[in-house]
Amino acid sequence: MIAHQPALIRRELWEHRSIYITPAAIAVIVTLGVLAMLMLASGFAKELDVAIFGAQNLAGDGERRAALTGFFVGTSWVFLVALMFLTVFYSLDSLYAERKDKSILFWRSMPATDAETVISKLLTAAIVIPAITAIGIWATHLVNLIVTSIWVSAKGGDAGVLIWGSVSILDNWLAALIVVVASGLWMSPFIAWFLFVSTWAKRMPILMAFMPPIILGLLEWIVFRTQYFLTTIGDRGDMRPLFHSMSLERFFEEEQWREGLDNISLLQHIDLVGFVTDPGFWSGLLVCAILTTAAIYVRRYRDDS
Amino acid sequence: MTSLVNARNVSKNFGAVRAVDNVSFEIEKGRILGLIGPNGAGKTTLLKAVLGLTDCEGDLSVLGFNPFKQRKQLMQNICFIADVAVLPRWIKVSQILDYVEAIHPNFSRSRADELLLQTSVRAGAKVKELSKGMVTQLHLSIIMAIDAKLLVLDEPTLGLDILFRKEFYANLLNDYFDEERTILITTHQVEEIENLLTDVMFINDGKILLDSSMDALSDTYVEVLASGEGANKARGLGPIAESEMFGKSIMLFEGISREHLEGLGELRIPSVADLFVAKIKEARK
């Protein structure tokens with residue numbers, strides 16, 4: 001079961017190049033955006049001198065760290081949004097495309113079981129894509145820190161103080177890794193649902209994936225005038241147990257940052273123990289296991305040829 | 001002789017349709033069996049059952065495995081080409097070789113590279129950039145580099161021109177087949193494979209109409225080309241099929257010795273295609 005996984009996952013990366021092209025493209029766009037902003041800022045020489053002087057001499061370590069962490073969170077969100085779309089489209093296509101182009105007959109002529117194949121796609125969606133996204137976030141962060149350091153130095157600032165002495169690389173990077181990997185696990189029931197639809201739908205898997213929950217939600221509202229079903233699905237999106245100690249509303253408020261300026265940390269907002277002990281985490285994995293088994297069953301027994 | 005495939009009372013239903021109807025047969029090691037039948041006869045369903053792609057009723061054993069329940073073990077010793085279009089179009093030649101090398105324990109990469117060197121297929125090309133004939137060459141090179149005991153070919157040359165078809169079968173015979181290997185093949189182009197076969201099986205409406213070695217076929221079936229009195233006498237012996245050509249009657253006999261038919265006309269060994277047509281017509285009467 002495990003021995004074939006590297007080859008099967010490598011196969012997924014060959015077929016779905018968007019898995020690494022998308023983060024790479026975002027990295028380039030974000031970096032170009034940062035470069036554009038820096039070039040724009042260069043046009044205001046006087047104000048820039050004051051800003052650099054202020055940041056270097058008047059602001060404290062905590063404020064500089066807060067600013068750099070805010071920049072990191074901002075750029076990381078772009079990757080997280082892309083991760084969501086990438087995962088949905090990958091999962092819906094992964095078992096549908098092989099039936100559409102009939103290559104399933106070739107893949108099934110090899111000694112890899114249906115369970116191995118479906119699990120490789122689940123691992124790709126839930127672990128590999130988030131891991132590549134994390135690498136994209138780290139690389140973008142690093143490149144932008146270097147670019148900004150060069151720019152700051154060119155403008156007469158001390159990059160050692162302004163950038164490298166203030167940035168919390170380990171905290172930021174570890175938090176990003178935890179968030180993206182946890183998101184893959186937390187969203188695994190949705191991924192498994194998409195995989196199931198991908199192997200089951202005869203056409204338009206995207207429609208087949210989203211229509212049933214919408215119809216169920218509408219039926220619930222028409223019959224009972226309640227919205228529990230769609231609310232439950234929607235509420236899962238905020239990964240509440242992971243950010244148990246954080247108030248999203250207050251996260252970006254200035255006062256919130258000022259309260260703990262000397263100890264700005266993304267990790268302190270992450271409750272890993274609370275996350276893995278939350279019933280929602282385990283019930284999600286259970287739903288994922290049931291839907292993955294269903295996807296394996298359909299791939300095994302379905303005859304599309 | 002060792003039996004590689006053993007089917008006893010195998011059936012497969014699709015709803016009310018009985019695609020395979022209580023068939024029993026054996027395939028021995030080192031044979032090339034042609035499974036021949038009209039469209040919808042149940043050939044592909046039977047092949048799928050052999051390959052473990054579909055379950056079935058009855059007892060079916062392939063290389064000692066239950067093909068549906070033990071597919072993974074079976075696929076290590078069996079290869080199949082369903083038709084030329086099944087290779088994924090997005091993949092590169094080198095990638096597909098890397099994949100098979102990683103997944104298949106009996107695949108020889110050096111052998112595949114060697115075979116591909118004899119073709120115009122480049123390692124860096126994507127399958128979608130290859131012609132139909134080149135895709136077949138690639139698929140065949142992969143298959144021939146796998147040390148498999150049973151090779152199943154379902155219409156492997158469909159859509160290919162005559163040059164590629166001839167080359168395909170020549171490669172199969174010269175570079176692949178030996179007494180340790182067994183080939184099960186279905187095709188509509190019966191005439192092209194007739195000389196390759198050691199055994200033949202006709203299937204119609206899910207039932208086996210004929211299961212014979214090619215050697216036994218020439219002993220059992222005789223074609224008589226006769227006219228006049230000879231034709232009348234031959235007709236009296238009960239041919240299973242009769243047709244007219246250039247004013248002569250061509251009659252096909254089953255189970256009547258050549259000695260009985262000597263002197264009635266010109267005796268010939270019937271072609272598999274003629275025999276197939278006769279048996280199908282007989283079954284539909």
Side-chain angles (χ1 to χ4, degrees), chain A residues 1-22 89-90 92-121 123-124 128 198-199 202 296-305, chain B residues 12 14 19 44-45 47-49 51-56 65 68-92 94-107 126-128 135 138-139 142-143 146 148 150-155:
Chain A
M1 181 69 84
I2 295 165
H4 286 161
Q5 286 306 325
L8 289 168
I9 290 172
R10 191 173 47 165
R11 194 214 81 107
E12 295 305 309
L13 296 177
W14 287 335
E15 182 176 5
H16 301 274
R17 295 192 304 151
S18 57
I19 290 173
Y20 52 85
I21 287 176
T22 305
F89 285 106
Y90 164 77
L92 283 173
D93 189 60
S94 61
L95 289 158
Y96 177 72
E98 63 174 16
R99 290 188 290 123
K100 200 175 164 192
D101 68 7
K102 291 199 175 249
S103 62
I104 188 170
L105 288 172
F106 172 73
W107 303 119
R108 297 195 76 199
S109 74
M110 292 289 129
T113 63
D114 295 286
E116 285 175 324
T117 305
V118 174
I119 286 169
S120 74
K121 290 166 196 286
L123 290 176
T124 302
V128 176
S198 178
T199 193
K202 283 197 170 167
I296 293 166
Y297 183 88
V298 173
R299 192 180 192 265
R300 179 80 180 92
Y301 286 86
R302 181 177 198 135
D303 186 359
D304 279 308
S305 51
Chain B
K12 174 71 185 176
F14 292 108
T44 300
T45 304
L47 287 191
K48 280 184 178 172
L51 294 166
L53 291 170
T54 186
D55 58 348
C56 58
F65 298 112
F68 193 69
K69 289 181 179 159
Q70 295 170 289
R71 260 201 98 237
K72 188 177 177 180
Q73 295 93 318
L74 184 69
M75 283 301 122
Q76 291 180 359
N77 291 296
I78 193 169
C79 286
F80 74 89
I81 299 182
D83 69 42
V84 292
V86 297
L87 291 186
R89 290 172 51 75
W90 53 265
I91 206 165
K92 283 183 181 173
S94 58
Q95 289 174 338
I96 204 165
L97 295 176
D98 288 344
Y99 175 82
V100 181
E101 187 178 16
I103 293 288
H104 211 303
N106 298 330
F107 177 72
K126 284 189 174 179
V127 167
K128 67 179 169 194
V135 175
L138 170 61
H139 206 163
I142 293 170
I143 294 301
I146 293 173
L150 177 63
L151 173 61
V152 177
L153 304 169
D154 185 9
E155 299 285 359

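Just so we're on the same page: letters track the sequence lines, and every chain starts at 1.
- For the pair His16(A)/Phe89(A), no side-chain contact is recorded, criterion being any heavy-atom separation below 4.5 Å from C-beta on.
- Take Trp107(A) and apply the side-chain hydrogen bond (donor to acceptor under 3.5 Å, both in side chains) test, not counting sequence neighbours, and it matches Ser103(A).
- Of the atoms belonging to Phe107(B), not a single heavy atom falls under 4.5 Å from chain A.
- The residue among Ile96(B), Leu74(B), Val152(B) with the most heavy atom pairs within less than 4.5 Å of chain A is Ile96(B).
- Contact of Ile91(B) with chain A is made through the side chain alone, with heavy-atom distances under 4.5 Å.
- Looking at heavy atoms from C-beta onward, Arg10(A) lies in side-chain contact with Asp98(B) at the 4.5 angstrom threshold.
- At a threshold of 4.5 Å between non-hydrogen side-chain atoms, the residues Glu98(A) and Glu15(A) do not count as touching.
- Scanning for side-chain hydrogen bond (donor to acceptor under 3.5 Å, both in side chains) contacts around Gln95(B) gives an empty result, with sequence neighbours left out.
- Of the listed residues (Val100(B), Asn106(B), Leu51(B)), the greatest number of heavy-atom pairs within a distance under 4.5 Å of chain A belongs to Val100(B).
- Of the listed residues (Arg108(A), Met110(A), Arg17(A), Arg11(A)), the greatest number of heavy-atom pairs within a distance under 4.5 Å of chain B belongs to Arg108(A).
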